[in-house]
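Residue numbers count from 1 along this sequence.
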Amino acid sequence: MIERFLKQTSFSSVEDYNKHLEFIIPENFNFAYDVMDEWAKERPDGLALLWTNDQGEEIRTTFAELKEQTDQAASYLQSLGIGKNDPVMLILKRRYEWWIVMLALCKIGAIAIPATHMLTKHDIVYRNTRASVKAIVCVDDSYVTEQIKLAIPESPTLKTVIEVSENSEISESSEFWHSWKSEWQKAPEFHRPTFVNDNDDTMMMYFTSGTSGEPKMVAHDYLYAMGHLTTGVFWHNLHEGSLHLTVADTGWGKAAWGKFYGQWFAGATVFVFDHEKFNADTLLRQIEKYKVTSFCAPPTIYRFMIREDLSKYDLSHLEYCCTAGEALNPAVFDKLKEKIGLNIMEGFGQTETTMTLGTMPWMTPKPGSMGIPNAQYDIDLLRADGTSCEDGEKGEIVIRVGDKKPIGLFKEYYRDPELTKEAWHDGIYHTGDMAWRDEDGYYWFEGRIDDVIKSSGYRIGPFEVESALMTHPAVVECAITGVPDDIRGMVVKATVVLGKEWKDKAGEDLVKELQQHVKKETAPYKYPRIVEFVDELPKTISGKIRRVEIRNKDKQK
């Protein structure tokens, strides 16, 4: 399959990859037709999707079956008046139907907008009005459906809500409400539209939250899907025999990274574990039971996994581990390597991009490093004055775009040219993330520009202090933030989650022990002058720590 889209399909070194990575870009590329329907022809009995949930239910779907189901779904959506360029929001948790609807929307040229199930009425109204959402496909969750009903009167563009219900009848019918289960299979035979899309048409959008203001609308074109070929085939190291699990909610961009495009470019089987509440033991049992071969999760998940007795699980089929979402503490890398003998291959990117930095299979990982630039992007580090950084110097990660947008980079912040220009100007896209580069070309994450702490004239990146704290056996998770101080400008604060066996020791003695530990592990001026013990850290649905929430709470004290 990938030989249709790459001039060279395998690489042996960094130099080989950097020199020879070149895409073959068809006109009017459409992932659903050009990849998924082609797999249905070439490997009709190949297992495309293996879905299970915490109730023990299981669905196995071949490529041929997936084509039939997505054709049927495409016809059903058309019968409800949904077509080319119509924005459709998906609030489906990890329900099996998410994969069907995503492909069906691609087939009819509609715009998919994946969203989290935790949205309030205000959130839904905002998204409906900003993106002119025409339809919502949602789970039969009482909270979700109630928020949608409250949002309908303030959502003039919304015409249809399709509820994916366990029951054949929906709880309440109206001109808006339709039952997926009782209606979708009755749709007429699907006929592919004569014209579906140009490569630069909008295929999907994500709402992504920043440190302030309402969420931004990140618009991606149809080549965004192709941009993830390198994510699945190379970074995840997948092939036709792989069974790949990425831990991600479908409302998060990481689902596109790890549960959809790149994995199916490789012809791998996407494994989905649908569950309500994360539990490390339960997840490890699933990996063991189904013989998962490739695994990707945010560092948060690994932090809890290594606290388990991994010798209790048969993980012999697991071949490859990756992580993204936020920086990986070296202590977590080392502990997993010690326990199961596998490296964690780190990657970096944003909702606005595919993987921009990564540790590829032909590279030796450096614990805590994001790896090197993905050859499909021209990456640099810039000082505040716009000049390039030297090795060892901290700067902002940027993508040099020039006259041709690289495959995988977003189109724009939808309907917001000013915000787009703020981040993307003079031929450069500014990520807002800080890093430094070592002499071997590996990049090391420092934090968001807004997260950098300036104390007594020093610039302190939160990640370097968090990494030091994570080497102490008491610490499960931690977040470093700055607190205003009259003398030093700011001082370092550590918000710490302790291991179960350490919780009864929380107090001044442990605070001093942690402070001394940081002074030994890194430069003494970086130690946290304030330490707060908490039961859990505030996080996004993707598992990223919301340091801004900690800072805001401190301001209110």
Side-chain angles (χ1 to χ4, degrees), residues 1 30-53 57-84 86 88-114 135-140 160-168 170 178-193 196-197 203-204 225 240 243-244 250 255-256 259-274:
M1 177 67 69
N30 184 293
F31 179 81
Y33 295 118
D34 296 332
V35 177
M36 298 308 294
D37 283 5
E38 289 301 309
W39 278 127
K41 293 175 186 176
E42 294 180 17
R43 295 177 55 222
D45 298 327
L47 188 61
L49 185 64
L50 201 173
W51 178 95
T52 187
N53 65 9
E57 298 173 296
E58 183 181 296
I59 300 174
R60 294 173 182 260
T61 308
T62 66
F63 285 107
E65 291 168 337
L66 195 60
K67 180 190 183 317
E68 292 176 5
Q69 293 171 8
T70 55
D71 281 352
Q72 192 77 30
S75 176
Y76 173 53
L77 294 171
Q78 287 177 323
S79 73
L80 296 177
I82 300 168
K84 182 172 171 55
D86 286 335
V88 179
M89 187 153 59
L90 287 69
I91 310 177
L92 287 171
K93 296 187 178 180
R94 292 179 178 89
R95 283 292 297 258
Y96 170 81
E97 290 83 1
W98 185 82
W99 284 262
I100 298 173
V101 176
M102 283 287 291
L103 289 171
L105 292 172
C106 193
K107 286 186 170 184
I108 62 176
I111 301 171
I113 307 177
I136 296 176
V137 186
C138 69
V139 290
D140 61 336
T160 304
V161 177
I162 305 166
E163 184 178 337
V164 174
S165 171
E166 291 294 335
N167 305 309
S168 59
I170 56 177
H178 294 267
S179 168
W180 170 275
K181 188 169 184 178
S182 64
E183 295 176 2
W184 81 282
Q185 290 182 321
K186 299 176 184 177
E189 182 181 354
F190 176 65
H191 297 284
R192 177 175 175 171
V196 180
N197 62 276
M203 179 186 69
M204 70 184 305
E240 292 183 17
L243 179 63
H244 178 78
T250 59
K259 304 165 89 79
F260 205 72
Y261 298 116
Q263 295 64 45
W264 278 334
F265 264 112
T269 302
V270 172
F271 178 76
V272 181
F273 177 46
D274 185 6

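- The two atoms that bring Ser75 and Ala187 nearest to each other are OG-CB, 3.6 Å, heavy atoms only.
- Taken from CH2 in Trp98 to CZ in Phe260, the straight-line distance is 5.5 Å, to the nearest 0.5 Å.
- Relative orientation of the Trp180 and Trp184 rings is parallel, given thresholds of 30° and 60° on the angle between their planes.
- In this structure, Arg95 does not pair ionically with Asp274, as no charged nitrogen and carboxylate oxygen lie closer than 4.0 Å.
- Residue Lys181 holds its NZ atom at 12.0 Å from CD of Glu163, rounded to the nearest 0.5 Å.
- Nearest heavy-atom pair, Asn30 versus Val196, reported as atom, atom and distance to 0.1 Å: ND2-CG1, 3.5 Å.
- Classified by interplanar angle (parallel below 30°, tilted 30° to 60°, perpendicular above 60°), the ring pair Phe31/Trp264 is parallel.
- No donor-acceptor distance shorter than 3.5 angstrom exists from the side chain of Gln263 to the backbone of Ala268, with no hydrogens or angles considered.
- For the pair Phe265 and Trp39, the tightest heavy-atom approach, listed with the atom from each and the gap, is O-CZ2, 3.7 Å.
- In this structure, CZ on Arg94 lies 11.5 Å from CG on Asn53, to the nearest 0.5 angstrom.
- The backbone N or O of Pro44 sits less than 3.5 Å from a side-chain atom of Thr62, completing a donor-acceptor pair.
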Worksheet item: Val137 and Val164: side chain to side chain contact (heavy atoms under 4.5 Å, CB included), yes or no, with the steps?
Response: CA-CA 7 Å; Val137 186; Val164 174; 3.9 Å; yes
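- Taking both residues in full, the closest heavy atoms of Ile111 and Met204 are given as CG2-CA, 4.0 Å, listed atom of the first, atom of the second, then distance.
- Put simply, the side chain of Arg192 never gets that close to the backbone of Tyr33: no donor and acceptor are under 3.5 Å apart.
- None of Asp86, Thr160, Ile82, Val88 except one satisfies the side chain to side chain contact (heavy atoms under 4.5 Å, CB included) rule with Leu77; the exception is Ile82.
- Of all heavy-atom pairs spanning Val101 and Leu90, the tightest one is CG1-CD2, 3.8 Å.
- A donor-acceptor pair is defined here as one N or O able to donate and one able to accept, closer than 3.5 Å; no such pair exists between the side chain of Tyr76 and the backbone of Lys186.
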Worksheet entry | Candidate pair Met36 and Thr70, rule side chain to side chain contact (heavy atoms under 4.5 Å, CB included), full reasoning | CA-CA 10 Å; Met36 298 308 294; Thr70 55; over 6 Å; no
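- From Ile162, atom CD1 reaches atom CG of Leu80 across 5.0 Å, with rounding to the nearest 0.5 Å.
- Pairing each heavy atom of Thr52 with each of Glu57, the nearest pair is OG1-O, 2.7 Å.
- Expressed to the nearest 0.5 Å, how far CZ of Phe63 lies from OG1 of Thr269 amounts to 6.5 Å.
- Between Lys41 and Glu38 there is a salt bridge, with a side-chain nitrogen of the basic residue lying less than 4.0 Å from a carboxylate oxygen of the acidic one.
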Item to complete: Please assess Gln78 against Phe190 for the test side chain to side chain contact (heavy atoms under 4.5 Å, CB included), listing each intermediate value before the final yes or no.
Response: CA-CA 9 Å; Gln78 287 177 323; Phe190 176 65; 3.6 Å; yes
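- In this structure, the separation between CE on Met203 and CE on Met102 is 6.5 Å, given to the nearest 0.5 Å.
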Could you walk me through whether Lys67 and Lys107 pass side chain to side chain contact (heavy atoms under 4.5 Å, CB included), step by step? CA-CA 11 Å; Lys67 180 190 183 317; Lys107 286 186 170 184; 4.1 Å; yes
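- Within the 4.5 Å cutoff, the side chain of Lys259 has heavy atoms near those of the Trp99 side chain.
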